[in-house]
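Below, chains carry the letters A, B, ... as their sequence lines are ordered, and counting in each starts from 1.
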Amino acid sequence: MTSRFKSFPGTSLSEEDFAQGEVLFVHDALKAEYARDTGVGIGAYLAGLRRGVILGSYCSHCRKTVVPPRVVCEWCFRPMSEYVPLRDTGVVNTFSLCYVTWDVQRISQPEIPAVIVLDGASTLSETSVVMGGILHKLSEVDPKAVRIGMRVRAVWKPPEERQGAITDILYFKPIEE
Amino acid sequence: MRKVAVIGAGMTKFVRRALETPKELAWEAAKMALESCELTMKDIDAVCFGTAPDAFDGVHMNGEYVSDGAGAWRKPFMRAFVGGGTGVFSSIQGWYHVASGMFDVVLVVAEEKMSSFYPHAQAAFLTIFDNFTERPLKPNLLWIFALEMNRYMTTYGLKKEDIARVAVQHKRNAADHPCAMLGEPNITVEDVLNSEVLAWPVQRLDVSPISDGAVAIVMAAEHVAKRLTDKPVWIEGVGWNLDTAYWTNRDLVYPRYVEYAARMAYEMAGIKEPRKEIHIAEPYDPFDYKVLHHLEGLQLADRGKAIELYLDGTAARDGNLPVCPSGGLLGVGNPIAAAGLMKIAELFWQLRGEAGARQVPGNPRRGVAQAWGDLMQIGTVVVMGR
Ligand SMILES: [Zn+2]
């Protein structure tokens with residue numbers, strides 16, 4: 001049917017249409033604020049971060065330790081009631097050098113988001129699962145020197161400044177070996 | 001289950017910013033789909049609608065808001081939403097409405113107007129991240145794609161200049177699509193490699209654009225389809241699957257959820273050897289590397305080897321397995337839900353031999369369309385044949 005239709009609907013607008021006032025538009029701003037309870041699993045995780053400890057949760061049925069901690073095991077749908085401390089070191093599973101912010105502002109020094117696989121969580125071969133993986137950022141490193149497989153360690157806020165938030169870890173940096 | 005056919009399709013142009021509102025875009029596509037099979041709303045028993053996050057429009061329960069444009073007035077109406085997987089999923093939803101015996105003729109409409117979000121639709125994606133463990137890090141949607149692309153290319157030692165050929169081929173294909181936004185017959189690999197680095201390894205031309213647009217199809221039960229057209233295109237298999245909600249717990253190197261969705265669809269379609277039995281593929285291509293990822297999940301290439309389909313010409317429009325002959329999201333545009341349904345419409349046109357300048361040679365008999373979305377975790381797959 002596309003070959004039968006000769007014209008298609010939809011009117012493309014240009015910047016000029018707006019500059020010349022040919023298009024009417026209404027500006028709108030939504031305001032929505034929330035105070036979210038952190039819950040059982042993540043509540044324990046964030047309380048751990050305030051103490052300088054990264055907690056995972058353990059399923060005694062599957063014998064798996066995952067992070068972030070959660071109350072239910074995705075594998076067996078049984079409770080994951082035990083919290084276990086992991087180490088604050090790990091391996092860069094993947095990373096990016098990002099030159100734009102979340103609201104698309106350009107930045108000259110890249111942010112370095114990474115998935116970091118923490119030491120102490122379960123690893124499984126033969127599956128597409130990375131149980132110790134968390135999202136964070138890297139710093140104190142030359143962006144050009146970052147590599148997948150690099151070993152890194154958490155850099156924490158001073159204890160008195162911690163709030164029970166993922167940002168209690170400022171970033172991860174390479175371990176000198 | 002009853003056999004279900006697609007019997008009509010329509011779409012608007014995909015544009016950076018449309019004058020028309022979401023309702024108006026939905027109506028334009030729906031009207032065209034109805035005209036294409038000479039039906040009116042009187043013939044439609046139910047309406048399925050797809051659109052992505054309410055955040056783009058700033059309208060809560062956007063499905064109900066847009067419903068009049070989609071033709072839902074005084075009809076059974078349902079909106080499906082599975083992120084970027086929505087467009088392909090909306091046709092699965094239409095399929096089970098009809099296959100179940102509940103309805104004989106269903107109109108499926110997918111619409112997206114991303115341009116309203118101010119100043120840039122990218123920021124609307126912030127709220128898909130976990131609000132405790134991720135959002136305080138001020139993540140950017142590009143992060144997860146860049147992280148996935150890096151993991152994928154580093155694991156298999158793929159080169160950026162090879163992956164760029166995907167973007168080049170799709171944008172060139174799109175030059176033959178009358179609704180395309182970024183069809184560029186003369187684009188080169190150098191153009192892609194010289195484009196702005198957004199989040200290394202992702203560059204500007206590796207990415208599909210923010211777009212506005214709508215697509216609609218008409219689906220009918222066998223006895224109705226055979227009365228209305230001598231060229232029905234059958235839905236032979238459908239599949240969908242969701243991976244873990246903890247995306248950092250997933251090895252981003254391989255989309256297992258696409259594999260599971262594809263296996264479900266292939267089993268239903270009786271396909272044992274997809275590489276021989278599928279003649280056209282329309283995998284989801286919001287980023288160039290994603291096509292490769294998805295071709296592997298769809299079992300159309302070995303892991304880490306999908307790029308070879310582009311390097312040896314297999315994926316070209318006149319190759320043995322044309323990939324995204326439409327031009328895909330990279331070339332036609334990416335109004336999210338509409339872009340997924342565009343792939344279903346493309347298979348419909350291709351399998352009927354009505355794709356005009358985009359027509360794949362050799363009378364293709366069977367195609368697969370796939371989309372992906374939510375927090376990078378859902379695969380939606382549809383096999384169509386004639
Ligand atoms: Zn378990």
[X] atom [atom1], over 12 foreign heavy atoms within 6.0 Å:
X         : atom1 : result
Glu16(A)  : CD    : no
Lys23(B)  : NZ    : yes
Lys173(A) : NZ    : no
Tyr65(B)  : OH    : no
Arg153(A) : CZ    : no
Glu161(A) : CD    : yes
Glu22(A)  : CD    : yes

Can you tell if the side chain of [X] reaches within under 4.5 Å of the side chain of [Y], non-hydrogen atoms only?
X         : Y         : result
Arg70(A)  : Tyr246(B) : yes
Pro9(A)   : Met32(B)  : yes
His177(B) : Phe8(A)   : no
Asn140(B) : Val100(A) : yes
His136(A) : Leu137(B) : yes

Legend entry - Pairs of heavy atoms under 4.5 Å with chain B: top-ranked of Ser96(A), Pro110(A), Ser7(A), Ala114(A):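 So the answer, after comparing Ser96(A), Pro110(A), Ser7(A), Ala114(A), is Ser96(A).
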
Legend entry - Options Val66(A), Val115(A), Ile148(A), Thr167(A), ranked by heavy-atom pairs under 4.5 Å with chain B, top entry: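 Counting heavy-atom pairs under 4.5 Å, the top option is Ile148(A).
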
Relative to chain B, which segment of [X] carries a heavy atom at a distance below 4.5 Å: side chain, backbone, both, or neither?
X         : answer
Asp17(A)  : neither
Leu135(A) : both
Pro113(A) : both
Ser12(A)  : both
Tyr171(A) : neither
Ser14(A)  : neither

Expected output: side-chain [X] to main-chain [Y] donor-acceptor under 3.5 Å:
X         : Y         : value
Asn150(B) : Phe95(A)  : yes
Glu28(B)  : Gly10(A)  : no
Asn249(B) : Val67(A)  : yes
Thr248(B) : Gly133(A) : yes

Quick check for you: to the nearest 0.5 Å, what is the distance between [X] atom [atom1] and [Y] atom [atom2]?
X         : Y         : atom1 : atom2 : result
Ile134(A) : Asp130(B) : CD1   : CG    : 12.0 Å
Trp143(B) : Lys137(A) : CH2   : NZ    : 4.5 Å
Glu20(B)  : Leu13(A)  : CD    : CG    : 8.0 Å
Asn93(A)  : Leu147(B) : CG    : CG    : 9.0 Å
Glu354(B) : Phe5(A)   : CD    : CZ    : 10.0 Å

Legend entry - Residue pair Glu148(B) / Thr94(A), side-chain donor-acceptor N/O under 3.5 Å: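 No, Thr94(A) and Glu148(B) have no side-chain donor paired with an acceptor closer than 3.5 Å.
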
Top of [options] for chain A proximity - count of heavy-atom pairs under 4.5 angstrom:
options                         : answer
Phe132(B), Tyr118(B), Phe129(B) : Phe132(B)
Val15(B), Asn131(B), Val202(B)  : Asn131(B)
Arg151(B), Arg16(B), His120(B)  : Arg151(B)

Inset, instruction - Considering only NZ, NE, NH1 and NH2 on the basic side and carboxylate oxygens on the acidic side, decide whether Glu196(B) and Arg106(A) come within less than 4.0 Å. - result: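 Arg106(A) and Glu196(B): salt-bridged.
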
Legend entry - Proximal component of Leu198(B), with respect to chain A [non-hydrogen, under 4.5 Å]: both

Inset, instruction - For chain B, find its close neighbours in residues 26-45 of chain A: heavy-atom separation under 4.5 Å, sorted by number, or none. - result: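 Answer by number: His27(A), Leu30(A), Arg36(A), Asp37(A), Thr38(A), Ile42(A), Tyr45(A).
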
